[in-house]
Amino acid sequence: MESTTGPDASKTPNSDLPTMFRPPVNRAMRVLDRSFFKKTVPLSAATVFKSSDISRVRGQLHKSRDLLGLPRTSSIREVKVDDEVKKCLLLREGVKYDG
């Protein structure tokens, strides 16, 4: 007899994703329209000015659950600040810049 207590037992693959990241559904589409699947998602990011601090800051954001946690997506991005490339950490939806 097979066990049904595994990670995908009675769970759809997208059920743990926030609503804004779930793929759209259009069952009437008969010809693939790739533009239907493109979405712009507004997110905030925390810029880390010293590369040596990125693991410490990432750990603190992960512990406080403010880091964006999407499967198969890296939460670390590179941005250009004053002609210099810096690293930033993507924050979960709901965390807004207030400065």
Side-chain angles (χ1 to χ4, degrees):
M1 188 166 154
E2 290 184 33
S3 172
T4 58
T5 59
D8 31 299
S10 74
K11 226 167 104 168
T12 60
N14 296 320
S15 65
D16 54 347
L17 287 176
T19 306
M20 77 174 3
F21 296 112
R22 291 184 186 154
V25 176
N26 183 353
R27 301 200 190 287
M29 185 185 305
R30 298 295 176 226
V31 178
L32 180 62
D33 179 13
R34 293 184 187 274
S35 66
F36 182 74
F37 297 96
K38 293 182 182 180
K39 183 187 285 191
T40 301
V41 179
L43 292 175
S44 294
T47 304
V48 180
F49 292 102
K50 289 174 56 179
S51 294
S52 59
D53 291 340
I54 195 139
S55 64
R56 183 178 53 81
V57 173
R58 185 172 187 250
Q60 289 176 350
L61 287 172
H62 182 71
K63 190 184 296 185
S64 67
R65 296 184 177 211
D66 287 333
L67 194 64
L68 180 67
L70 288 178
R72 299 172 51 180
T73 304
S74 175
S75 60
I76 301 173
R77 303 289 174 168
E78 290 185 349
V79 293
K80 202 172 213 181
V81 178
D82 299 330
D83 296 329
E84 235 181 295
V85 176
K86 302 285 185 186
K87 298 213 179 203
C88 68
L89 297 163
L90 298 177
L91 304 175
R92 67 175 169 79
E93 64 174 314
V95 177
K96 300 294 179 198
Y97 172 72
D98 63 347

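For reference, positions follow the sequence shown, starting with 1.
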Next item on the list: Specify the closest pair of heavy atoms between Leu90 and Ser74, including all atoms of both residues, with the distance to one decimal.
Entry: CD1-O, 4.2 Å

Item checked: Residues Leu89, Ile76; criterion side-chain contact (heavy atoms from CB on, under 4.5 Å); working and verdict -> CA-CA 5 Å; Leu89 297 163; Ile76 301 173; 3.4 Å; yes

Next item on the list: Drop me the distance from Leu43's CG to Cys88's SG, to the nearest 0.5 angstrom.
Entry: 10.0 Å

Next item on the list: Determine the minimum heavy-atom distance between Asn26 and Phe36, stating which atoms define it.
Entry: CB-CZ, 3.4 Å

Next item on the list: To the nearest 0.5 Å, tell me how far Arg92 CZ sits from Leu70 CG.
Entry: 13.0 Å

Determine all donor-acceptor pairs shorter than 3.5 Å in which one atom belongs to a side chain in residues 46-61; sequence neighbours excluded.
none

Note to self: Could you check whether any side-chain N or O of Ser44 sits under 3.5 Å from a backbone N or O of Leu91, counting only pairs where one atom can act as donor and the other as acceptor?
What the structure shows: no

